[in-house]
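Each chain gets a letter, A, B and so on, in the order its sequence line appears, and its residues count up from 1.
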Amino acid sequence: MSLSKEEFCDRVYEFARQVPEGRVTTYGAIARAVGEPKSSRRVGYAMRVSDQADSPIPAHRVVSSSGTISCKATRVRQFLENEGVDIVDDKIRGFKKLFWDEFEK
DNA sequence: GTGGTGACGTATA
DNA sequence: GTATACGCCACCA
């Protein structure tokens with residue numbers, strides 16, 4: 001591994017902040033964006049600790065690769081619906097359309 | 001030091 | 001489309 005925890009979290013947060021309203025991205029996409037496609041789990045950890053970050057992180061716009069929400073305990077669904085994202089059974093409808101990756105920025 | 005756990009992903013059937 | 005298996009890495013008891 002080449003990135004330290006600090007570097008990793010910093011890049012993850014930076015990427016997450018770039019996600020526009022009404023759009024979503026995946027942990028895997030972020031993991032690849034930071035150069036650690038195998039460390040998708042660390043992305044999830046970074047999102048979990050995003051509450052401690054200095055700047056607010058729209059972690060609710062980050063979901064699993066299939067568009068399913070894992071962290072429903074934090075009212076992520078409510079946030080996404082408020083931004084105009086259709087959620088059905090904790091899954092994003094038209095997720096593929098709303099998907100936002102590093103090449104679309 | 002070791003093992004279990006988790007805001008995960010990909011591969012396979 | 002779902003179910004199962006395996007890998008991956010950081011955190012915590």
Pairwise salt bridge (charged side-chain N to carboxylate O under 4.0 Å, His left out) hits with a residue in [range], at least two apart:
range	result
residues 72-83 of chain A	A:Arg61-A:Glu83, A:Arg77-A:Glu81, A:Arg77-A:Asp90
residues 91-100 of chain A	A:Asp86-A:Arg93, A:Asp89-A:Lys91
residues 8-33 of chain A	A:Arg23-A:Glu104

**Q.** Watson-Crick or G-U pairs under 3.5 Å in DNA chain B, rendered as dot-bracket with [ ] for crossing pairs and | for another strand
**A.** .|||||.||||||
Q) Hey, what else clusters with A:Val88 if you join Ile, Leu, Val, Met, Phe, Trp, Tyr whenever side-chain heavy atoms sit under 4.5 Å? A)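 Its cluster mates, by chain and number: none.
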Whole Å only: how far is the [atom1] atom of [X] from the [atom2] atom of [N]?
X	N	atom1	atom2	answer
A:Phe8	C:dC11	CZ	P	11 Å
A:Leu3	C:dC8	CG	P	18 Å
A:Lys5	C:dC9	NZ	C1'	12 Å

List, one per line, each side-chain donor-acceptor pair under 3.5 Å for residues 48-58 of chain A, sequence neighbours excluded.
unit_1: A:Ser50; atom_1: OG; unit_2: A:Met47; atom_2: O; d: 2.4

(Q) Can you work out whether A:Lys38 or A:Lys91 has the more 5'-proximal nearest nucleotide on DNA chain C? (A)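 Its nearest nucleotide lies further toward 5', so the answer is A:Lys91.
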Q | Residue list, side chain to side chain donor-acceptor pair (under 3.5 Å) with A:Ser40, at least two apart or on another chain | A |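 With sequence neighbours excluded, A:Ser40 shows a side chain to side chain donor-acceptor pair (under 3.5 Å) to no residue whatsoever.
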Q: Could you name each residue pair satisfying ring-ring contact (aromatic ring centres under 6.0 Å, His included) that touches residues 16-62 of chain A, not counting sequence neighbours?
A: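 Residue pairs with at least one partner in residues 16-62 of chain A: A:His60-A:Phe79.
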Q) For nucleotides 6-13 of chain B, read 5' to 3', which letter fits each nucleotide if B means a protein heavy atom sits under 4.0 Å from the base, S means only the sugar-phosphate is that close, and - means neither? A) BBBSS---
Q: Can you measure from CG (A:Asp101) to CD1 (A:Ile30) and round to the nearest 0.5 angstrom?
A: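 If we round to the nearest 0.5 Å, A:Asp101:CG and A:Ile30:CD1 are 11.5 Å apart.
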